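Here the structure comes first, spelled out in structure tokens, and everything after it is commentary.
Counting convention: from 1, in listed order, for ligands and their atoms alike. Model, not experiment: these values are computed from the prediction. The figures here come from the full heavy-atom set of this structure, side chains too, leaving out hydrogens, waters and symmetry mates.
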Amino acid sequence: MIIVDIKKGDFINLLHVGIDDTDSPDGMCTTYLATTIINELKKNKIKINGFPRLIRLNPFAKFKTRGNGAISFKIAIFNNQSTDLIKEIVLSNVEKLSMTEHENTNPGVVFYQGKINKKIEDYSLKSIHSIITIEEAEKLAKEVGAEIHKFKKGRGIIGSLAAIGCPLEDHTYELITYRTKKNHGTKRAIKYDSVISMNTKTYPETFENIDDDYIAIEPKTSCPVLYGIRGETPEILKIAKNIVKVNEPIEYSTIFKTNQHTDIHLKKVDKIDKMEKYGSYIVNGTVTDNPHVITGGHVFFRLSDNSGEIEASAYEPTKDFRKTIKKLIKGDQIQLFGGVGCGGTFNIEKIKILSLNKKQVFKNPKCKCGKTLTSAGFKKGFKCKKCGFKLPNGEKIVIIEDRELVENSYYETPTSARRHLSKPLIRN
Ligand code: ATP
């Protein structure tokens, strides 16, 4: 991306542009719309400053289409030059390309000229941690002097303002390639072997590429994205793109700076009862019942501390992670990372084992002949089916079984089930 040349004596002000809620499950993608806008700005000799930003917001927001992502970028404005052309390009593209015919697509655009202050940052973090109303976003925009543009209900201003204000101390990058219009909605022609080769050559500087046979860089929806590669630096993403081979034209590609895979959504709380619905947390507690599986393959157990108790779950899409969760037993001390969904259940993203309880199993005693004794009937002790030996007053023996989990270790959901904001252990 082009960095603007700043000359001595120039008065520079940054114009921040935020865009959100332009797509629907039937198509479009706010990153694609932003790329179209950035390209048109470029044609008009307007360069954006640094990388455009893809900011993921609260994973539990009700009206999200998919990953609750919003976009922002900034443009250096020299010596009070007019911003009219920039605004016209942004607004006309949002109006023209957004899927406004869909009931739940309510685009919003925000322009903000100046420094990002604490108020905007705090608002942005709040939109990652909890639920915000359109009125709240409007109120903040008024307070800080941001210009808002609402299309239909204009719910997108919530995310647009948040995308502008999100601090990115920890950050990653995503390189997204886009398909030509005629290919939208058709099967993507990505050479899977080349993705595996890219992963072998660039992991862990790139991550979330594959998960056994699952090619994670390829979206499963009919959006304009051909693939997205996630990584630590723009440089490694360019190398990775050169390794991935496709059998269809790439219309354009853009690298976004992003809060994906940083755990920015997780707040540490010292008590279970401090957690609220739609928030994401790191919390410690004791397992109070052995995990059980319900229809559909979802695994549940309860976690408690001296303030209360919560139901925790590893849902079916988390695949083998459920096997780990099933190994927990009553009395284990663990740390959970994840969020509280609309039903009040804690959706686990990762766990750390703090301490393991002793796992006692009760077994029948062995006979002198080596065979394991069987029950001789209610309160009648044991008998040997092989040699006929009887042990009328015998009791079961307690055995301490080895635990397969390891104290102080972390376990995480697989790539295929990972939330956009969730930090993979490889990034620790
Ligand atoms: P995609 O990832 O495919 O671009 P999406 O999942 O980001 O789509 P949007 O179409 O952008 O979904 O819709 C999300 C809507 O939710 C937007 O209007 C956005 O402003 C709003 N929103 C985002 N975060 C919050 C929040 N914390 N509270 C309330 N509304 C929110």
Side chains of residues 65-72: which donor-acceptor pairs under 3.5 Å do they make with residues two or more places apart or in other chains?
unit_1 : atom_1 : unit_2 : atom_2 : d
Thr65  : OG1    : Asp23  : OD1    : 3.4
Arg66  : NH2    : Asp23  : OD2    : 3.4
Arg66  : NH2    : Met28  : O      : 3.3
Asn68  : ND2    : Asn58  : O      : 2.8
Ser72  : OG     : Arg53  : NE     : 3.1
Ser72  : OG     : Ala163 : O      : 3.0

- Task: Mind checking side chain to side chain donor-acceptor pair (under 3.5 Å) for Lys396 and listing every partner two or more places apart, or none if nothing turns up?
- Result: Asn364
- By side chain to side chain donor-acceptor pair (under 3.5 Å) - contacts of Ser127 (at least two apart): none
- Task: Heavy-atom cut-off of under 4.0 Å around ligand 1: list whichever protein residues fall inside it, by chain and number.
- Result: Asp20, Asp21, Asp23, Thr30, Arg56, Leu57, Asn58, Ala61, Phe63, Lys64, Thr65, Arg66, Gly67, Asn68, Gly69, Ser127, Ser130, Ile131, Ile132, Arg155, Gly156, Ile158, Gly159
- Heavy-atom nearest pair, Ile353 first then Ile334, reads CD1-CG2, 4.1 Å
- Does the side chain of Glu174 come under 3.5 Å of the side chain of His420 through a donor N or O and an acceptor N or O? no
- Item | Criterion side chain to side chain donor-acceptor pair (under 3.5 Å) on His261 and Arg230, from CA distance to verdict | CA-CA 9 Å; His261 306 302; Arg230 297 171 181 203; 2.9 Å; yes
